[in-house]
Amino acid sequence: MQNRPIIRFHGAAGTVTGSCFAIETAGGNILVDCGMFQGSKTEKELNYRPFPFDPESILAVVLTHAHIDHAGLLPKLARFGYRGPIYATGGTMDLCSVMLPDSAHIQQFEVEQLNRRNRRRSRGQVEPIYDAADAAIVLTQFRPVPLRQWQEIAEDIHVRFWNAGHLLGSASIEMEIGQADDRLRLLFSGDIGSNFKLLQHDPEAPAGFDYVVCESTYGGTDRFDTTDEGRRRILALEVSAASQHREGALIIPSFAVERTQELLADLVYLMEKGEIPSCPIIIDSPLAIRATEIFEKHRHDLENGDLLVRAIRSKNVRFTQTVEQSKAVDFIHGFHIVIAASGMCEAGRIRHRLKNWLWREEGTVLLVGFQAAGTLGRILQDGAATVRIQGDEISVRARIRSIDVYSGHADGAELSAWLAERLPVRQAVFLVHGEQDALEAMAHRAAALVGEDRVYRPRLDSAFRLELSGPIDISPDAPPPRIDPQQAGHRDWNNDYQKLLLDLQSELRNAADDKARGVVIRKIRRALEA
């Protein structure tokens with residue numbers, strides 16, 4: 001191979017979200033995923049900045065699955081000139097058909113609200129990353145690829161999809177670059193599902209690669225009680241504790257796609273068995289409702305698809321399609337359960353539910369998924385006494401609970417077992433999709449399998465030339481990273497600023513009298529003038 005391929009890590013490097021890997025070859029440039037950044041404001045601002053590559057130069061996109069942190073910037077890619085195909089499984093295509101328009105709607109709605117506030121503050125106006133028209137256009141570029149079937153992407157690039165067990169349609173991507181003895185074999189894990197996922201079959205893929213790009217989201221976690229029985233027992237305990245408040249509510253921020261459907265199936269199962277009180281279950285997410293319809297359509301491709309269909313049709317389950325139906329949830333009397341998106345509490349109807357319940361002692365908020373650093377969900381998980389939602393200060397009196405048995409990701413032991421089944425890995429394992437602690441832990445696990453010198457943790461926008469003898473770091477010759485790599489995957493100045501404001505307000509509120517408040521203010525002024 002005259003010109004060795006280059007891989008550039010434009011997302012999910014040193015952080016969990018924003019999955020985007022660019023592969024440059026003699027036959028053309030392709031992307032694996034084009035996802036949205038979530039987490040701190042610093043990371044989310046990357047969604048608004050120009051791509052670190054020319055969209056018109058991309059020959060094709062290969063998509064691992066439909067989650068927004070993997071697919072969420074595809075409409076922006078089309079908006080700025082990409083006209084090529086997007087290869088994905090049929091399940092991923094169907095989910096993207098509802099998730100990408102929903103993402104555009106949320107952006108337009110939130111930007112309208114922000115611009116109203118900015119006009120009152122005499123600040124500049126902002127535009128959404130993309131709109132509904134961009135989402136509609138990009139959906140026409142999808143091309144379905146069955147599992148286990150080779151697809152030619154370019155003259156020297158072929159790919160094959162393998163079930164990743166993470167989400168309906170999710171896939172690991174096997175890639176061959178070059179011809180005959182000069183061929184490189186790569187594997188992109190995508191997100192790997194747990195062996196005890198309720199609706200997904202176990203992940204699979206072949207063995208024997210030159211390079212593996214492996215996710216590490218829970219690389220430092222070893223879960224217990226992840227069987228169906230253990231998972232349901234943990235959920236039942238949380239529901240039972242929350243239901244002690246007869247006029248209370250259990251609010252579950254949940255990813256609209258798959259997590260909501262898993263929770264719904266288990267909640268109805270537990271009610272049918274009499275293990276938790278029978279009560280209304282409200283699915284307060286238009287996206288979750290549309291996604292549930294897609295899951296029902298694909299029920300024969302799922303494990304326990306019949307259990308999900310029975311839950312969907314249960315008399316206890318209600319779906320809120322309209323804004324009026326969603327607002328009416330506030331007037332429900334008696335204990336009830338509300339599942340609403342988004343799972344990290346960053347957007348969607350969950351923000352309204354939290355504003356309505358966080359300040360009430362009879363409320364319980366149950367976090368059931370990964371909470372990226374800097375998100376409202378993570379701030380609640382870390383024990384904040386006060387938070388700000390849409391400009392309002394909210395005291396946290398509700399019980400904040402967190403369980404990890406519904407994660408869509410394999411834990412550290414499962415990831416290690418998955419990687420062991422891919423051996424031999426001849427040149428390198430690149431660890432992505434993880435915060436620093438998880439990456440370090442997964443690096444130790446991977447080193448035990450392939451050797452420490454073959455484990456790499458790329459930073460954001462770093463680049464490697466993929467030789468047959470091993471990778472060569474060419475990052476010093478690449479454009480500088482868009483943000484300081486040390487900022488990726490961490491709280492940022494905006495998080496610290498918001499916490500400072502809340503702490504200051506609390507200090508002033510709790511001061512003995514006006515004289516004491518004056519002392520606090522003078523100390524702040526002296527610090528600013530120092």
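Counted by atom type alone, Asp284 and His352 present zero donor-acceptor pairs between their side chains at under 3.5 Å. In the model, Thr320 has no side-chain atom that pairs as donor or acceptor with a side-chain atom of Ser326 under 3.5 Å. Between the side chains of Gln436 and Arg457, no donor N or O sits under 3.5 Å from an acceptor N or O. Side-chain contact of Glu296 with Thr292: a donor-acceptor pair under 3.5 Å is absent, judged by distance alone. Side-chain contact, Thr221 with Asp411: no donor N or O sits under 3.5 Å from an acceptor N or O.
In this structure, Gln113 CD and Gln390 CD are separated by 5.5 Å, a value rounded to the nearest 0.5 Å. In this structure, the separation between CZ on Phe255 and OG on Ser342 is 7.5 Å, given to the nearest 0.5 Å. Rounding to the nearest 0.5 angstrom, the gap separating the CE atom in Met344 from the CG atom in Asp69 is 6.5 Å. Within the model, atoms CD of Glu467 and OH of Tyr211 stand 7.0 Å from one another, a figure rounded to the nearest 0.5 Å. In this structure, the separation between CG on Leu147 and CZ on Arg160 is 11.0 Å, given to the nearest 0.5 Å. With rounding to the nearest 0.5 angstrom, the CZ atom of Arg183 is 8.5 Å from the NE2 atom of His158.
With respect to Glu346, the salt bridge (charged side-chain N to carboxylate O under 4.0 Å, His left out) criterion is satisfied by exactly one of Lys41, Arg378, Lys44: Lys44.
Using the six-membered ring where Trp is involved, His67 and His65 have ring planes that are perpendicular, over 60° apart on the 30 and 60° scheme. Phe430 and Phe9 have tilted rings, their planes meeting at an angle from 30° to 60° on a 0 to 90° scale. Using a 30° and 60° split on the angle between ring planes, Phe188 and Phe21 fall in the parallel class, below 30°. Between Tyr218 and His409, the ring-plane angle classifies as tilted under the 30° and 60° cut-offs.
The cationic group of Arg185 lies under 6.0 Å from the six-membered ring centre of Phe209 and within 45° of the ring axis, placing it in a cation-pi geometry.
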Given Val329 and Arg349, is the side chain to side chain contact (heavy atoms under 4.5 Å, CB included) satisfied, shown in steps? CA-CA 11 Å; Val329 174; Arg349 291 181 178 178; over 6 Å; no
Working for side chain to side chain contact (heavy atoms under 4.5 Å, CB included), residues His433 and Met442: CA-CA 11 Å; His433 287 282; Met442 191 61 205; over 6 Å; no
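A distance-only check finds a donor-acceptor pair linking the side chain of Thr17 to the backbone of Gln38 [under 3.5 Å]. Gln381 contributes no side-chain N or O that, together with a main-chain N or O of Gly377, makes up a donor-acceptor pair within less than 3.5 Å. Although no hydrogens or angles enter the test, the distance criterion places a donor-acceptor pair under 3.5 Å between the side chain of Asn118 and the main chain of Gly124. A donor-acceptor pair is defined here as one N or O able to donate and one able to accept, closer than 3.5 Å; such a pair exists between the side chain of Asp33 and the backbone of Thr64. No side-chain donor-acceptor contact under 3.5 Å links Asp210 to the backbone of Leu186. Between the side chain of Asn356 and the main chain of Arg353, no donor-acceptor pair closer than 3.5 Å is present. Not one N or O on the side chain of Glu258 forms a donor-acceptor pair closer than 3.5 Å with the backbone of Ala256. The closest donor-acceptor contact from the side chain of Arg351 to the backbone of Cys345 lies under 3.5 Å. Using a distance-only test at 3.5 Å, with no hydrogens or angles considered, no donor-acceptor pair links the side chain of Lys197 to the main chain of Gly165. For Ser216 (side chain) and Val432 (main-chain N/O), a donor-acceptor pair under 3.5 Å exists by modelled atom type.
By the salt bridge (charged side-chain N to carboxylate O under 4.0 Å, His left out) test, Asp134 pairs with Arg79, sequence neighbours left out. Looking at residues two or more places apart in sequence or on another chain, you find a salt bridge (charged side-chain N to carboxylate O under 4.0 Å, His left out) between Asp94 and Lys297.
Residues Leu466 and Leu184 approach most closely at O-CD1, 3.3 Å, considering heavy atoms. Between Gly14 and Leu439, the shortest heavy-atom contact is CA-CD1, 3.9 Å. The nearest pair of heavy atoms linking Gly84 to Gln141 is O-NE2, 2.9 Å. Listed here is the closest heavy atom pair of Ile23 and Ile7: CD1-CG1, 3.6 Å. In plain terms, the two heavy atoms of Pro203 and Ile192 that are nearest each other are CG-CG2, 3.9 Å. In terms of heavy atoms, Val368 sits closest to Pro253 at CG2-O, 3.6 Å.
With respect to the salt-bridge test (charged N to carboxylate O, under 4.0 angstrom), the residues Asp473 and Arg465 do not qualify. Salt bridge status for Arg422 with Glu174: absent, with no side-chain N to carboxylate O gap under 4.0 Å.
In this structure the side chain of Asp461 reaches within 4.5 angstrom of the side chain of His10, judged on heavy atoms.
The salt bridge (charged side-chain N to carboxylate O under 4.0 Å, His left out) pairs that include a residue from residues 15-29 are Arg8-Glu24, where partners are two or more places apart or lie in different chains.
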